[in-house]
Every structure is written in C-alpha cells, then in structure tokens.
4 protein chains.
Amino acid sequence: MTEEKPLRADARRNRAKVLEAAEAVFAAKGTGAPTEEVAREAGVGIGTVFRHFPTKEALLEAVLYARLDRFVDEADTVVAQNAADAGAAFFTFLTSWIEMSSAKNAYFEALTTAGVNVLGPGSEIRDRLRASLGVLLKRAQDSGAVRADLTIAELIPVIIGTAKAAEHVGSDGALRDRTVAILFDGLRG
Amino acid sequence: MTEEKPLRADARRNRAKVLEAAEAVFAAKGTGAPTEEVAREAGVGIGTVFRHFPTKEALLEAVLYARLDRFVDEADTVVAQNAADAGAAFFTFLTSWIEMSSAKNAYFEALTTAGVNVLGPGSEIRDRLRASLGVLLKRAQDSGAVRADLTIAELIPVIIGTAKAAEHVGSDGALRDRTVAILFDGLRG
Amino acid sequence: MTEEKPLRADARRNRAKVLEAAEAVFAAKGTGAPTEEVAREAGVGIGTVFRHFPTKEALLEAVLYARLDRFVDEADTVVAQNAADAGAAFFTFLTSWIEMSSAKNAYFEALTTAGVNVLGPGSEIRDRLRASLGVLLKRAQDSGAVRADLTIAELIPVIIGTAKAAEHVGSDGALRDRTVAILFDGLRG
Amino acid sequence: MTEEKPLRADARRNRAKVLEAAEAVFAAKGTGAPTEEVAREAGVGIGTVFRHFPTKEALLEAVLYARLDRFVDEADTVVAQNAADAGAAFFTFLTSWIEMSSAKNAYFEALTTAGVNVLGPGSEIRDRLRASLGVLLKRAQDSGAVRADLTIAELIPVIIGTAKAAEHVGSDGALRDRTVAILFDGLRG
DNA sequence: AATGAATGAGGCTTCATTCAT
DNA sequence: GATGAATGAAGCCTCATTCAT
C-alpha cells in the first residue's frame with residue numbers, strides 16, 4: 001500500500017520532483033495551495049501530479065510520510081552514532097528536528113482535518129518512529145539527563161508543541177532558543 | 001478597526017448571532033466551512049453576514065478577536081480576585097487557555113496563512129493580554145511558583161505550543177494532562 | 001422531494017429558462033454536453049444552473065421529468081376531450097408524442113446508465129403516466145381499435161421503440177410515416 | 001477505411017485482443033469507459049490501442065463494424081441454408097438481432113452524436129446488410145408470412161426500434177418477448 | 001437593513017492523445 | 001512495434017462576493 005512495482009527511472013525522478021515541490025509549496029502557502037502550483041513548481045504537467053498521487057489528499061499524505069521518514073532516518077543516524085553523551089544526543093536531535101520543522105507544521109493539522117492519520121495505530125511509520133525515538137529516550141533517561149517518567153506517547157506531542165511554539169516566535173532567534181529551552185526544561189531529569 | 005459607530009439594536013443582535021454561529025461552525029468543521037453555513041446556523045441571510053463582516057477573513061478575525069477578548073476578560077477577573085495562591089492562579093489560568101484552545105489554533109493558522117497577525121505588535125488585544133498575563137506572572141514569580149527568568153515574550157509562545165501539544169493528543173484526557181504537566185514543569189521555579 | 005418552498009419570481013423564471021435550455025442543448029448535442037453550454041444557452045451564470053440543480057444528474061432528471069410531465073398533461077387533455085373515435089384518439093396521441101420525441105430520446109438512456117430511474121416503481125410520474133395512458137388504451141380497446149391483449153407495461157416500451165425507429169429514419173417524412181404505421185399495425189385490434 | 005495493409009501476426013493478434021476487450025468493456029460500462037480500461041482488459045499498453053485505432057471514435061466504429069460484420073455473416077448463413085419455412089427463418093433472424101442488440105444501440109448513439117453514421121448511405125456494411133436481409137425478406141414475403149408492402153428501407157428502422165423497445169423493458173424476459181411479438185405483428189402478412 | 005438569487009473565478013479530477021524509452 | 005509516463009484541455013462543482021428585490 002506504500003510501495004508498488006518498481007517505477008521507470010524517469011517516473012521515479014518525476015515523483016520525487018513532485019514530492020519536493022509539494023513540500024515547498026504547502027510549507028509556503030499552506031495545504032490549501034492549488035495542486036496546479038505544485039505542478040508548476042515541479043516543472044511537470046498537472047496530469048503527472050495526479051498520476052503519481054491520485055487525489056490531493058494522497059499527495060498531502062505522501063508529503064507527510066516523506067517528512068516523517070526523514071525524521072526517523074535522522075533519529076536512526078543519531079542512534080547509530082551512539083554518542084557518548086546520551087542527554088546531549090537526545091536534545092540535539094530534538095532541537096534539529098524543531099528547527100527543521102518550524103514554518104512547516106501544517107501537515108498534521110491538514111491531515112487530521114481530512115480524516116487521515118498517518119500516525120494512527122498500525123501504521124508502519126509510527127512503529128519505526130516509536131522504535132527510534134524510544135532508543136534515544138531510553139538512553140537519555142538511563143544517563144539521568146531526562147526524567148524517568150517520560151514516555152514516547154508524551155514525547156511526540158511535546159515535540160510537536162515545541163515546534164509550534166518555535167514557529168510562533170518567528171524570526172527572533174534568541175527568543176526562540178530561550179522559549180525552546182524553557183519547554184525542554186520540563187523534560188529534564 | 002476595533003470601535004465602530006453605534007448599531008441599531010436588531011443589527012447588533014444579528015451581529016452577535018452571526019459571531020456565535022461562526023464560532024460554532026468553524027469549530028466544528030474548520031475554517032474552510034462555507035459562509036453560507038454560518039448564515040444558516042445564525043438564522044440570517046447570507047447577505048447579512050457579509051453586511052456585518054465584509055470578507056470571510058474579517059469574520060474569522062472577528063471570531064478570534066471575540067475569543068481572545070473573553071479570554072482576557074477571564075484573565076482580568078483572575079487578576080482582580082488577587083488569589084492567595086498566586087502559583088495556582090497562574091497555572092489554573094494557563095490550563096483554561098489550553099482547554100479552550102484547540103479551536104483557537106485553527107483560527108491563528110488560517111489568519112496567519114492569510115497574512116493577518118492578530119497577536120502581532122501593536123494590536124490592542126495583545127497589549128491587554130500582555131498586561132493581564134504580566135500581573136499573574138509577576139505574582140506567581142514573586143511567590144516562587146514560577147521561575148524568575150521567564151518573560152511574557154517567552155510565555156505566550158509557550159502557551160501556544162502547549163495548546164498545540166494538547167490538541168495533538170486528541171481525546172485521551174489522561175495523556176493530555178500528563179503532556180501539559182510536563183511542559184508546564186519547564187515553567188516552575 | 002419534487003417541489004420545495006415557493007421560489008421567488010425571478011428564481012422561478014431562471015429555473016424555467018435553464019430547464020428549457022437544457023432540453024434544447026441535450027437534445028441537440030446529447031446528454032454529454034457540458035453544463036456550461038446549458039448556462040450560456042439559458043443566459044445565466046453556471047452557478048445559477050448548479051443552484052437550481054445541484055448535480056448534472058439532477059438536471060438531466062429534471063429535464064426528463066418535465067418531458068414526461070408534458071406528456072402526461074397531453075394525454076390528460078386527450079382523455080378529457082373524450083373523442084368520439086377512441087381509436088383515432090389513441091393513435092393520434094401516440095403519433096404526436098412520437099413526432100415530438102424523435103431526435104430527443106437520449107434521456108432514458110442517459111439516466112438508466114446513470115442509475116436513475118424516473119419511471120421506476122413508486123415514482124409519482126409513473127403512476128400518472130399509467131393512469132392517463134390506461135384510460136386512452138382502455139377506450140381504444142373497448143372500441144375495438146386496439147388489440148385487447150395489449151397492456152400498459154407493453155405499450156410504454158412500444159412507444160419508446162417506435163419513437164426510436166422514427167428517429168432513425170431521419171428526415172424522410174414519408175418513410176417515417178410508413179415505418180410508424182407498420183409498427184402501429186401490431187397494436188391494432 | 002475497411003481494407004488495410006497486411007499486419008504482422010502479433011500485431012493482428014493484438015488488434016483482435018483490443019477489439020474483443022473493447023466490446024466487453026464498452027458493453028459493460030458504456031461507451032464512455034476510459035480507453036485505458038480497454039487496454040488493461042486486453043492486456044496491452046494503452047499506446048498499442050492507439051496504434052491500432054488512432055482515436056477513440058475509430059475504436060468505437062471498429063467495434064460496431066465488427067459486430068455488424070458478424071451479424072451479416074449470420075444473415076448470410078441463414079440465407080444459404082434456404083430454410084423450408086421462410087417466415088420462421090426471417091423472424092428467427094430478426095429475434096437474434098434484437099437479442100444481441102441492446103449493446104449495439106449504445107454504439108449507434110455514441111457514433112451518431114459524434115456525427116458518424118455507420119449504416120449511412122454508401123457504407124459497405126449497409127449494402128451487405130441490405131442484400132442479405134433483402135433475400136430473407138423477399139422469401140418471407142413470397143411465403144406469405146410477411147406483408148408484401150414492406151421494404152428494406154422500412155425494415156431496418158423497425159428492427160432498430162424494436163431492439164430499443166426490448167432494451168427498455170430490461171430484464172423481464174416474458175414482458176420483453178410479448179413486446180417484441182406485438183411489434184413484429186405489424187410485419188406479418 | 002435584510003434577503004437570497006446570481007455570479008464566475010478557481011479548485012479537483014478525468015481521460016484522449018502524444019512521445020520518449 | 002510495444003510500452004506507459006506525461007500532457008493539458010475540459011468537465012463538474014464550490015463558494016466568496018455582489019446586487020436586485
């Protein structure tokens with residue numbers, strides 16, 4: 001339901017172009033931006049967008065999925081590095097995600113409204129997310145850097161909320177850092 | 001943009017009905033709900049809606065403004081009560097914001113996308129909010145319940161982010177309470 | 001489900017214009033003709049068409065309904081006249097209907113394909129149709145002009161088929177008359 | 001437009017597969033069914049369909065032509081058999097047309113709307129049809145089973161109209177038979 | 001002032017047709 | 001010759017906004 005048959009090289013290239021364009025366009029103008037604009041940005045015809053993603057909702061879902069996928073990959077990388085300082089690894093990862101996220105957080109919203117739930121029970125990405133994040137969290141808790149009673153179920157909304165707070169601050173970098181720091185203080189051991 | 005000429009009694013009544021209906025409809029179906037539905041819910045013709053709020057954006061703004069207005073009133077009440085336990089007063093108030101907030105988030109989103117910033121610099125409501133919140137914060141800090149280095153500039157995004165986190169949790173009340181508690185822990189003295 | 005609240009005068013006028021235009025356009029270019037063309041022909045905006053008939057299917061259905069309505073009215077008129085020669089009344093009515101129909105018979109087709117069945121069991125128009133046609137048929141049978149074993153259930157498809165035959169002949173009037181006469185011969189007593 | 005250059009064996013096979021698939025798909029879902037579905041049903045790429053039939057209209061025409069071709073072959077067979085009972089031969093053949101006709105009607109409709117007239121003057125299939133049918137008719141008239149004044153020019157629309165009537169009856173077999181019988185009565189001597 | 005019918009730009013989606021592989 | 005990805009015109013429908021009643 002996620003990967004079908006191997007696509008021709010050009011088709012895969014176009015699919016990627018569309019996904020990238022969609023991410024940019026929806027981030028900039030909200031998920032209500034017209035599909036046609038995604039097509040223009042991707043440099044393909046609108047028919048191509050719909051060939052790859054048969055509805056706008058499917059496109060939104062794919063964009064969100066791709067974002068989460070990168071998120072999980074990043075988490076996996078950090079996990080693999082097995083940093084000496086587990087607490088630092090944990091907070092550095094969170095921070096990088098939040099920085100990447102600000103200004104781009106409408107996806108959950110749009111999809112929730114549309115009745116889609118990429119993170120719903122049973123979704124593969126959810127399981128991977130929980131696994132990767134779980135390792136980071138566990139290590140950080142074992143090192144004493146993070147409070148022992150924090151669970152993944154709470155961590156995910158905390159991240160989303162913190163990203164939102166950062167986004168709301170806007171361009172004032174120092175203020176944003178302080179705001180994030182305050183919220184992270186709630187996580188410390 | 002905030003104070004107008006005195007309306008006829010029936011007109012004022014209609015304006016209120018529309019505002020109330022809009023709040024209900026947009027909360028239930030999102031800000032993308034058709035204006036016509038607001039009119040139906042309010043029991044007036046669509047022309048009347050547009051007479052009072054010349055664009056949909058104006059209507060959205062008015063709804064958000066009304067909500068914030070009530071919120072600030074509430075804050076003022078709390079301030080006036082001069083509660084013995086300043087920390088409790090502070091957190092109770094914050095919690096009430098969070099609780100009635102999920103819907104508000106959608107308005108911020110919609111208006112931000114449209115380029116409107118209701119809480120931006122210079123808005124009267126922002127000033128009032130800052131004033132009331134400032135008093136509550138100051139008292140809570142003086143009582144030692146809240147960290148001394150927290151400023152209003154940080155507090156507002158913190159509240160917004162926490163509200164977002166709560167909204168993301170959805171219907172699981174216990175999980176939501178824990179999530180909010182964690183984030184609030186970052187504020188404590 | 002057929003008539004709602006009394007429409008404003010201008011609205012009723014527009015509704016009629018649209019219906020008339022739709023009948024003309026669909027007759028000329030088939031039921032696949034774009035709704036926009038109906039709007040242009042009616043001299044209204046496309047929004048007006050959709051205000052009165054919320055889907056294209058509804059428009060098709062309304063056109064068909066209107067046609068059947070006129071058909072039944074006409075039958076009622078003939079019934080009321082109580083012509084001395086019942087056989088002549090019967091065949092004259094059938095002929096006039098067929099002449100009116102040729103070139104315009106795609107409606108049943110289109111609606112059947114679309115899953116609509118205006119003549120399905122329980123439809124009011126069907127009952128009226130059967131009643132009016134039934135009287136004409138009965139009298140013609142009593143007068144001996146029409147075979148006694150003919151039922152309404154057979155008569156309706158016979159009319160439709162005969163209209164189709166007439167339509168297929170095209171512009172050669174004499175040939176059309178002979179063709180219709182031959183088919184009618186099957187009905188005689 | 002009827003005879004082409006000799007195709008490679010595999011190409012001819014593909015052409016036949018497409019034609020067969022088209023007949024099945026259009027019969028099942030109407031002539032508006034997407035060409036891509038025909039390709040899928042035929043097990044070929046869509047490019048192949050368009051290589052053999054450069055437009056959808058050409059495909060529709062070919063399908064109808066193939067059907068008529070088989071029909072005429074059948075007529076020729078009946079003619080060759082020189083049946084003892086010429087009347088029975090005539091009506092049996094007509095009935096077989098009616099029975100396999102509901103689908104054909106849709107083709108006529110679609111092509112007529114598009115301005116194509118497969119049975120129009122000058123078409124080879126029309127000439128062959130007239131010839132075969134003419135023999136059957138003549139024999140039936142000579143045997144006294146069919147009225148002497150019936151001409152081919154009238155017979156063809158009569159058949160088409162009767163097929164339409166049968167189609168309109170739908171699935172009630174007994175009613176359909178009675179309806180057809182009534183219309184055929186007009187042809188008898 | 002209120003009403004609601006009319007408007008039409010704009011969004012999503014389909015599908016016949018073309019063309020690079 | 002076959003394939004199927006790409007294309008974009010065109011259709012249906014929605015909805016913010018205007019305006020005659």
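When reading the values below, keep in mind they use all heavy atoms of this one structure, side chains included, and skip hydrogens, waters and symmetry mates. Letters A, B, ... are given to chains in the order of the sequence lines, protein chains preceding strands, and every chain is numbered from 1. Owing to the predicted nature of the structure, the values given are computational and were not obtained by experimental measurement.
- Remark: D:E37 engages D:K29 in a salt bridge (charged side-chain N to carboxylate O under 4.0 Å, His left out) (not counting sequence neighbours).
- Summarising the geometry, the separation between CG on C:L59 and P on F:dG11 is reported as 15 Å, rounded to the nearest angstrom.
- For the atom pair A:R67 CZ and A:D69 CG, the distance stands at 12.0 Å (nearest 0.5 Å).
- At whole-Å resolution of the value, CZ in C:R40 and C1' in E:dT7 are 15 Å apart.
- Panel note: side chain B:K56, backbone B:F50; no donor-acceptor pair is recorded below 3.5 Å.
- Put simply, CG on D:L19 and CZ on D:F53 are 4.5 Å apart, with the number rounded to the nearest 0.5 Å.
- Distance CZ (B:R15) to C1' (E:dA1): 15 Å, rounded to an integer number of Å.
- By the 4.5 Å heavy-atom criterion applied to side chains, A:F26 and A:V38 are counted as neighbours.
- Summarising the geometry, the separation between CZ on B:R12 and P on E:dA1 is reported as 12 Å, rounded to the nearest angstrom.
- Taken to the nearest 0.5 Å, the CD1 atom of A:I46 stands 9.0 Å off from the CZ atom of A:R40.
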Atom pairs, protein N/O to nucleotides 12-15 of chain F N/O, distance under 3.5 Å:
from   : atom 1 : to    : atom 2 : distance (Å)
F:dC12 : OP1    : C:K56 : NZ     : 3.0
F:dC12 : OP2    : C:T35 : N      : 3.1
F:dC12 : OP2    : C:T35 : OG1    : 3.4
F:dC13 : OP2    : C:K56 : N      : 2.8

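- To the nearest 0.5 Å, atom CG of residue C:D10 and atom NZ of residue C:K17 are 9.5 Å apart.
- Rounded to whole angstrom, the span from the CD atom of D:E61 across to the P atom of E:dA16 amounts to 17 Å.
- Distances shorter than 4.0 Å separate some side-chain N or O of D:N14 from OP1 or OP2 on F:dA2.
- Closest to the side chain of C:V44, out of F:dG4, E:dT7, F:dG1, is E:dT7.
- In the set F:dA5, E:dT7, F:dT7, the nucleotide with an atom closest to the side chain of C:T48 is E:dT7.
- Separation of atoms CG (C:L59) and NE2 (C:H52) is listed at 11.0 Å; rounding is to 0.5 Å.
- For D:G45 and A:G45, each mapped to the nucleotide of DNA chain F holding its nearest heavy atom, the one lying further toward the 5' end belongs to D:G45.
- The distance between atom CZ of C:R13 and atom P of F:dA20, rounded to the nearest whole Å, is 15 Å.
- Side-chain proximity of C:H52 to the nucleotides E:dA6, F:dA5, F:dT7 is greatest for E:dA6.
- Between C:D10 and B:V49, the residue anchored nearer the 5' end of DNA chain E, judged by the nucleotide with its closest heavy atom, is B:V49.
- Between the two ends of the helix from E:dA2-F:dT21 to E:dT21-F:dA2, each summarised by a five-pair axis, the helix axis turns through 0° (rounded to 10 degrees).
- As rounded to whole Å, 16 Å separates atom C1' of E:dT13 from atom CZ of A:F53.
- The pair B:R70-B:E23 counts as a salt bridge, with a side-chain nitrogen and a carboxylate oxygen less than 4.0 angstrom apart.
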